[in-house]
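Below is one structure, written out as structure tokens, with a few remarks after it.
Just so it is clear, the values below take in all heavy atoms, side chains as well, and ignore hydrogens, waters and symmetry mates. Note that the structure is a prediction, hence the values are computed from the model and not measured. In listed order, ligands and their atoms are each counted from 1.
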Amino acid sequence: MNTLLPPHRIRDLFARALSGMYRQEVPKYGQLVKLVQRINAETLEARPQLRAQLELGGDLGRLSEERHGAIRVGLPSELSTLRRLFAVMGMQPVGYYDLSTAGIPVHSTAFRPLDPDELSANPFRIFTSLLRLDLIDDEALREQARSLLRQRRIFTPGLLTLIEIAERQGGLDADQSEAFVHEALETFRWHREATVDHDTYQRFLHSHPLVADIVCFKGPHINHLTPRSLDIDRVQREMPDAGLDPKAIIEGPPLRDHPILLRQTSFKALREAVRFSNGVEGAHRARFGEVEQRGMALTAKGRRLYDRLLDQVRQQVPDAVERPDAYRDSLQQAFSVFPDDIDTLRRDGLAWFRYHPGKAPAQASSLDGLIAEGALRVTPITYEDFLPVSAAGIFQSNLEDGKTPDFQASSNQQAFERDLGCPVEDEFAAYAAIQRASLEDSLRQLGIDNGLRQRLIDAAGSA
Ligand code: OOG
Ligand code: NI
């Protein structure tokens with residue numbers, strides 16, 4: 001056995017290979033990436049302060065390669081093998097997303113790195129959804145779905161062997177990693193041939209377009225890859241000129257001086273030629289391109305405020321897609337009560353921050369004091385996760401005809417974790433750990449003694 005590669009190297013290789021494959025499969029994705037990169041370069045040029053903040057927080061280097069993707073699978077065994085596959089690349093399941101509340105018959109998690117160094121090396125994430133077979137009312141259709149899924153093999157034998165080797169060795173060497181990436185790509189590839197005839201496809205489509213997408217194909221084709229933008233409003237405006245058809249609204253919080261959480265938009269899914277098993281030629285809509293702008297991670301308190309304000313807006317303008325301008329105004333207005341300066345966000349305990357040591361302190365008594373005299377500097381911690389309401393909006397704008405039959409909403413995290421094979425990580429605990437470690441480290445570097453250090457850390461934690 002040769003030297004093992006760190007997981008971020010394998011993740012980086014895989015993310016680049018996947019992006020290359022998707023660019024070939026969906027050329028519009030390549031155009032979108034180009035648009036985002038041009039606007040990012042111009043934004044960094046025009047805003048040196050933003051550039052400096054990204055650099056200090058460790059986000060500048062990762063920006064150009066930063067992507068998230070999404071896939072959907074049908075069986076518990078598929079989900080649990082994905083967990084093992086992503087673990088080889090240092091990606092853990094974080095968070096539980098119940099989409100049934102939005103009439104979408106899946107529940108999901110995001111596989112991503114947790115460790116700050118791993119994140120700044122490459123934060124590649126995959127939003128992964130499992131079909132809720134239990135939400136298909138028609139029993140015959142449900143059983144047919146299950147049986148079709150049981151017949152398919154979404155992982156190559158070579159990949160399964162390499163996953164076992166990685167688990168045994170505690171990693172993969174360079175040659176094994178290369179083979180692993182090559183084999184893993186097969187799982188995410190697009191297949192033009194459906195596994196069912198046209199009538200069967202139509203029946204699944206009518207039960208829900210997502211059911212057809214998950215059940216009627218050979219594997220969980222990657223359905224989008226998302227570059228990170230520094231100015232999503234400009235991307236949204238410039239998409240039509242680049243030949244891309246944007247969805248009606250940007251999901252998430254409004255434009256702010258200090259971005260929070262996540263804003264997302266996409267160009268709509270393409271109609272792509274497929275061949276059914278009875279030789280009929282047809283079309284299927286699944287794959288699209290998305291853009292995101294990431295802001296700071298919110299604490300549970302900040303998140304409650306976000307959820308409440310967003311709820312208010314959605315009640316005020318329930319038909320956002322038909323009235324995008326009214327929606328945008330309402331959003332802007334509702335969020336005017338959400339503090340938009342770093343000091344208040346930190347002091348009110350609304351967001352997570354990373355601490356950096358500055359100049360030697362004259363008198364160390366309180367966090368506010370240390371920050372005021374420049375002994376501690378703070379940068380917001382980037383939000384690495386997803387938002388259920390936004391995800392539902394992205395799902396919906398990419399479905400055939402935009403129709404969504406009513407499913408019984410029912411969150412079932414327990415069943416999801418059983419199918420996954422482990423509990424999902426708590427996103428808040430992950431951010432809290434990063435904040436705490438950075439503060440502890442900074443205070444040590446400033447030479448602040450044990451007792452006071454502990455008091456300051458506790459004070460920051462309970463903010
Ligand atoms: C996933 C949609 C959610 C996001 O960025 O919120 C998502 C899907 O369409 O499979 O990717
Ligand atoms: Ni996405």
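Considering all non-hydrogen atoms of both residues, Arg83 and Cys422 come closest at CD-SG, 3.5 Å. Between Pro339 and Arg256, the closest heavy-atom pair is O-NH2, 2.8 Å.
With 3.5 Å as the limit, one finds no donor-acceptor pair spanning the side chains of Asp117 and His8. One side chain, Ser19 or Tyr29, offers a donor N or O that lies under 3.5 Å from an acceptor on the other. For the residue pair Gln53/Thr379, the side-chain donor-acceptor check at 3.5 Å is not satisfied. Side-chain contact of Thr382 with Asp59: a donor-acceptor pair under 3.5 Å is present, judged by distance alone.
Rounding to the nearest 10°, we obtain 100° for the angle at the Ni ion (ligand 2) between His224 NE2 and His68 NE2.
Residues His68 and Phe386 place their aromatic rings such that the two centres sit under 6.0 Å apart. Taking the centre of each ring, His191 and Phe217 stay at or above the 6.0 Å mark. If you look at Tyr201 and Phe276, their ring centroids are closer than 6.0 Å.
Here Glu292 does not reach the Ni ion (ligand 2): none of its N/O/S atoms is less than 2.8 Å from the metal.
When the N, O or S atoms of Glu290 are ranked by distance to the Ni ion (ligand 2), OE1 comes first.
Distances below 4.0 Å separate heavy atoms of Glu290 from the following atoms of ligand 1: 4 (C), 5 (O). With ligand atoms numbered from 1 in the order given, ligand 1 contributes 1 (C), 8 (C), 10 (O), 11 (O) to contacts under 4.0 Å with heavy atoms of Ala70. Below 4.0 Å from some heavy atom of Phe386 lie the following atoms of ligand 1, by number and element: 4 (C), 5 (O), 6 (O).
Residue contacts with ligand 1 for Leu387 are absent, since no atom lies close enough (heavy atoms, distance under 4.0 Å). Within the 4.0 Å heavy-atom criterion, both parts of Ala391, backbone and side chain, lie near ligand 1.
For atom 5 (O) of ligand 1, the nearest non-hydrogen atom from the set Arg287, Gln396, Arg125, Gln264 belongs to Gln264.
Polar contact with ligand 1: present for His68 (N/O pair, distance under 3.5 Å). Where the criterion is an N or O separation shorter than 3.5 Å, residue side chain and backbone included, Ser390 fails it with respect to ligand 1.
Ligand 1 has no atom lying under 4.0 Å from any heavy atom of Glu292. Under the 4.0 angstrom criterion for non-hydrogen atoms, Glu251 is not in contact with ligand 1.
Protein heavy atom closest to atom 10 (O) of ligand 1, with residue, atom name and distance, is Arg72 NE, 2.8 Å.
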